[in-house]
Every structure is written in C-alpha cells, then in structure tokens.
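Chain letters run A, B, ... following the sequence lines, proteins first, then strands; residues in each count from 1.
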Amino acid sequence: MKADNLKALELIDAATFQKDLISWFETEQRDLPWRKDQDPYKVWVSEIMLQQTRVETVIPFFNRFIEWFPTLEDFADAEEERILKAWEGLGYYSRVRNLHSAVQEVRSEYGGQVPDTPAEISKLKGVGPYTAGAILSIAYGKPEPAVDGNVMRVLSRILTIDADIAKPSSRKIFEAAVRELISHENPSSFNQALMELGALICVPGKPACLLCPVRRHCQAFEEGLQNELPVKSSNKKMRNVQIVAAILTDHSGRFLIRKRPNKGLLANLWEFPNFEYNSQLAPKRERFEHDFQEITAVHCDLGIHLTKIDHVFSHLTWNVDAYAGLIQTDIEDEVLASNRLKWVSAEELSEYAFPVSHQKIWKAWTKQG
DNA sequence: TAAGCGTGGGC
DNA sequence: TGCCCAAGCTT
C-alpha cells in the first residue's frame, strides 16, 4: 500500500477485527502491575517508564516507584535527588525530570487531576503523541490513537503499509489507520491489544503468525510479506569518547563525587571525577592528575588501575579507564561548590543517583578493597 | 528532520 | 563481538 493513502482499510472489517483482537487480549494479556487499576497517575508513570524500555525491565522500577510515591501528590512533593534515585538504572533520565515538572503543573493548574483532553495533556512536559493517546484511552476510555513501535509494526503488516517507520512523518499514517479501526466501545483494550500483540505475537524478526488472533485480517500474511514488513531504515555509527575516571578518597575515607551538568547526557546524576579525552592515543593517569590540579589547585595521586570499561550508550561509547587515588590536601569549599564536587561517606553514597557506567567503576573499587 | 538521550537482553 | 532492539520525546 502506498504511504499516502489508506485504501487497504477498505479490505478490512473493523468490527470483526476489533472483536478478534480484543477477545484475544481479554484472555491472553499479561498480568502487569499497572493494569491493576486505571489511576491516571499510575497509567502515566507506567507509560513514561515504558518509553523505549522493555516491560520486564520496567516492572520492578514501577513497583518501587509507586511504593515511594503512591500518589501524584507524593511525587510532586519529592526532592529531585529522590526522583533521580527512583529512576537510577532505568535510563533516559530526562523522562523523570519532565514527569516531575509535569506532575507539579497538574497539581497547580488542574487541581491534581490529570487532564483528559488531547490539547491539555499534550502540553505536559514529556507527554508526546503516543503517551497522550495511551493515557487518554487507558485511563479515560477516550478513542484516541496510541501509536508506538508495536502498533506501527502490527499495522504495517495487517495493512501492508510500507512507509519507513523510522521516519517521524510516518506516525500520522498509522494514527489515521487507528482512528478508522479503533473500538469506540473499548478503546483501552483495543490500543493495549495492538501493543500486546506486537510484543507477544507480531514480533520483529519472525512473527508467530500461526498463533495470531487476527491472522485472517492480515494482508501481509495473505501475501507472504510478514517478514518483509515493516520497512525500517537503520542507523548511524557511534562516536567513541575516551574517559579517565578516578575514585578519590581523603584521609578519613570519604569519596569525592561530582554532580553532572543540568543538561545533556545523564543530566544531574552523580559521578566519580573524570575527564574526557578525544585524542586517539590512550590517555594516561598523569593527564588526569594535571587536569585535576588545574581545577581544584590540589594534587591527587592515582594509584592502581581499577578497570577498563566500555560502556555503550544509544549514540556513543565511553571507553573508561578507572583508577583509585588519594588526596592529602583540603580542597577549598568554594572550589568544591563551583565544580559541583562533594565529599561523602560510603554509606551516604547510596543516597545519590549514579549512572550504570559509574556503578561499574564503584563495583571494581569494592572488589579491589 | 535529525540528532541527542540509557540500559539490558537476544542472537 | 557487534548490532538490533523496546510501550518516544525534545530540540
């Protein structure tokens, strides 16, 4: 089918498609913690966590998050350090800062009630077209499309749509299709069923067509095209960044940590002091000691080499050389503050949110003792 | 529009 | 090992 028309929709009977899809969902859906009720706050939290993140990964994070912040009000009141700690290890940390800001807006502008219109909910930070549709349909029963990667994959096969799903402009094609197909009696189950089908049956690679409840509606299956769809252009190569990091201790056994900048990669998370070197040649400890002294006016002695870590992000790789070191001299308070540096004890470390890359460094340190 | 933004699992 | 992926949003 052409990317710019929906003629394939004429070949499908929406009523029986809905019935086949929703009936399957009623019996086969997974038992997930965010499906226990329709609290808009919990639906919202789960949808943000599920962005680009697997269900199995999200489950324990969601359960702990709701224990820590049972209501929208509890989360709105939380300190930033605490919300980052709740998200520690989940990735895409701007999600939780946007969610926090948006929840505070809901409290101040909407009396604590999550808005139930597309215009209002779409204004909230971190709520894009997918999340808006998901909350409106799941929490409020509104017949709005919630088009994620699953829905694009499933519908590209059902309707043999060959638009490149990696292109942002393709999403509106699938939204138009959902608007034609969605059940107005049960938009919640319809949207969730499309995603559940994509996750369990209509998977990337080899879809399990023989188990598919909507096989009789699937134009790709009929034409043997299920392995050719969806069309998805794939991506670019990554940048490598050389890092030298150090776990630095003072005479009383405290650790020096640093808060990352409030924008960009791993914003506002904590880390062990480190420097980036883009040169090809492997950076050495002397380079770190020099740069550290330049910033703090204090000398540090990097002792043993703890570990070498290759940490892969979505768009770059850190090649980290991690050392352990000692600092014998006091660092001025103003110097600490202006560089977002802080001395903390081992017990206090657990109160701060660290990215996984730096957790790996810490793990290497604990093994060395 | 394209790039930036994490992590863990599958093959 | 290296790539692709998984319930996207922001700038």
- [ ] Provide the distance between the two C1' atoms, one in B:dC5 and one in C:dA6, to the nearest whole Å.
- [x] 15 Å
Open item on the list: If I pick the P atom on C:dC9 and the same atom on B:dG8, what distance separates them, to the nearest angstrom?
Closed with: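 It works out to 22 Å between them.
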Just the rounded figure in Å: distance from [atom2] of [N] to [atom1] of [X].
X: A:W87; N: C:dG8; atom1: CH2; atom2: C1'; result: 12 Å
X: A:K206; N: C:dC5; atom1: NZ; atom2: P; result: 17 Å
X: A:K263; N: C:dC9; atom1: NZ; atom2: P; result: 19 Å
X: A:E47; N: C:dA6; atom1: CD; atom2: P; result: 17 Å
X: A:R260; N: B:dG4; atom1: CZ; atom2: C1'; result: 13 Å
X: A:L99; N: C:dT10; atom1: CG; atom2: P; result: 12 Å
X: A:K125; N: C:dT11; atom1: NZ; atom2: C1'; result: 13 Å
X: A:R171; N: C:dT10; atom1: CZ; atom2: C1'; result: 13 Å

Taking [X] for its side chain and [Y] for its backbone only, find out whether a donor-acceptor pair lies under 3.5 Å.
X: A:R215; Y: A:L210; answer: yes
X: A:K142; Y: A:S137; answer: no
X: A:E348; Y: A:S345; answer: yes

TODO: Classify the nucleic acid contact of A:V151 as base, sugar-phosphate or nothing, counting any heavy atom under 4.0 Å across all strands shown.
DONE: nothing
TODO: Pick base, sugar-phosphate or nothing for A:R153, based on heavy-atom distances below 4.0 Å to the nucleic acid.
DONE: sugar-phosphate
Ring centroids only, cut at 6.0 angstrom: are [X] and [Y] within range, meaning strictly under it?
X: A:F65; Y: A:F75; result: yes
X: A:F255; Y: A:F272; result: no
X: A:W318; Y: A:F313; result: yes

Task: Under 4.0 Å protein heavy-atom contact, by nucleotide of nucleotides 6-11 of chain B - B base, S sugar-phosphate only - done: BBB---
- [ ] Establish, from distance only, whether the side-chain atoms of A:E81 and A:W270 form a donor-acceptor pair under 3.5 Å.
- [x] yes
Open item on the list: Just by distance, no angles: are the side chains of A:E334 and A:S338 close enough, under 3.5 Å, to form a donor-acceptor pair?
Closed with: no
- [ ] With DNA chain C as reference, determine whether A:M195 or A:S122 sits nearer its 5' end, using the nearest nucleotide of each.
- [x] A:M195
Open item on the list: Using a 4.0 Å cut-off on heavy atoms, which residues in residues 25-32 of chain A reach DNA chain C? List them by number, or say none.
Closed with: A:R30, A:L32
TODO: Output the single nucleotide from B:dA2, C:dC9, C:dC4 whose closest atom is nearest the side chain of A:S234.
DONE: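 The listed nucleotide nearest to A:S234's side chain is C:dC4.
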Open item on the list: With clusters defined by side-chain heavy atoms of hydrophobic residues (ILVMFWY) lying less than 4.5 Å apart, directly or transitively, does A:I304 cluster with A:W365?
Closed with: yes
